[in-house]
Amino acid sequence: MRILASIILVLACFAPAAAAIPGPDDAIAISGIVQDRLKATDINVRIVEERPYAIAFWSGGKGYAAGEALTKKEKSGWTILKIASEKFTGATLLALGVPDSTAKALVADLDLANR
């Protein structure tokens with residue numbers, strides 16, 4: 001439970017003012033699938049969201065490199081579409097099937113979050 005509270009606190013403190021951030025349940029789900037995929041439990045995941053897509057991003061740590069994960073909310077829950085060590089660009093997101101306006105919004109959200 002302490003980890004979940006930490007995740008929510010991190011999201012509240014570091015999320016960009018103009019970017020959409022997921023609610024606590026979605027943030028926990030996204031963080032959980034990223035941690036499961038990377039097999040690391042100490043990742044400080046930050047998330048920006050433009051429904052139904054979200055990008056989780058993190059700095060490198062013990063046993064894992066910095067990266068980003070494009071996720072999508074499906075009927076069954078959040079799924080990872082792509083994990084990358086480089087920053088997602090609009091072109092990359094378009095190639096992964098993200099609509100143009102959503103891709104642009106996600107890139108803008110990431111720019112704000114990384115300031």
Side-chain angles (χ1 to χ4, degrees):
M1 190 57 102
R2 189 171 162 198
I3 291 173
L4 300 179
S6 296
I7 292 168
I8 293 168
L9 179 61
V10 166
L11 287 171
C13 293
F14 293 107
I21 59 170
D25 291 340
D26 288 328
I28 291 166
I30 293 167
S31 179
I33 62 173
V34 169
Q35 289 184 37
D36 286 347
R37 178 74 64 90
L38 297 177
K39 299 188 183 350
T41 58
D42 62 340
I43 299 173
N44 181 12
V45 176
R46 296 169 56 198
I47 303 167
V48 295
E49 177 186 58
E50 296 292 337
R51 285 283 179 139
Y53 297 93
I55 295 178
F57 56 103
W58 59 92
S59 299
K62 195 174 193 177
Y64 56 89
E68 295 184 351
L70 174 64
T71 63
K72 185 176 183 185
K73 179 109 185 210
E74 306 282 356
K75 288 182 182 180
S76 61
W78 289 95
T79 59
I80 295 175
L81 301 178
K82 172 89 172 166
I83 292 182
S85 57
E86 70 278 348
K87 292 183 178 192
F88 288 117
T89 64
T92 303
L93 295 173
L94 287 171
L96 293 168
V98 178
D100 184 54
S101 60
T102 305
K104 288 177 182 172
L106 284 167
V107 170
D109 292 346
L110 285 170
D111 286 343
L112 283 173
N114 286 310
R115 287 186 183 171

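Start at 1 with the first residue, then count along the sequence. No hydrogens, no waters, no symmetry mates; every other heavy atom, side chains included, goes into these values.
Side-chain heavy atoms closer than 4.5 Å link hydrophobic residues (I, L, V, M, F, W, Y) into clusters, and following such links, even through other members, never connects L94 to L106.
A 4.5 Å side-chain heavy-atom check between I80 and L70 finds every atom pair outside the cut-off. Using a 4.5 Å heavy-atom cutoff, the side chains of I33 and T79 are not in contact. By the 4.5 Å heavy-atom criterion applied to side chains, V34 and W78 are not counted as neighbours.
To the nearest 0.5 Å, atoms CD (Q35) and CD1 (I28) are separated by 11.0 Å.
The main-chain N or O of A103 is never found under 3.5 Å from a side-chain atom of Y53 such that the two would form a donor-acceptor pair. The closest donor-acceptor contact from the side chain of W58 to the backbone of A65 lies under 3.5 Å. Using a distance-only test at 3.5 Å, with no hydrogens or angles considered, no donor-acceptor pair links the side chain of R46 to the main chain of A56. A donor-acceptor pair under 3.5 Å is formed between the side chain of E68 and the backbone N or O of F88.
A salt bridge does not link R115 to D111: none of the charged nitrogens lies less than 4.0 Å from a carboxylate oxygen. Contact check on K73 versus D26 returns a salt bridge, with a Lys/Arg side-chain nitrogen under 4.0 Å from an Asp/Glu carboxylate oxygen.
Applying the side-chain contact (heavy atoms from CB on, under 4.5 Å) test between I55 and each of L81, L93, D109 identifies L93 as the sole match.
Nearest heavy atom pair, residue R37 against residue I83, reads CG-CD1, 3.4 Å. Contact between P22 and I30 at its shortest, heavy atoms only, is CG-CD1, 4.4 Å. Of all heavy-atom pairs spanning I47 and S31, the tightest one is CD1-N, 4.5 Å. Contact detail for K87 and N114: the closest heavy-atom pair is NZ-ND2, 4.0 Å.
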Any chance you could lay out the side-chain contact (heavy atoms from CB on, under 4.5 Å) test for F57 and L110, step after step, and finish with the verdict?
CA-CA 9 Å; F57 56 103; L110 285 170; 3.6 Å; yes
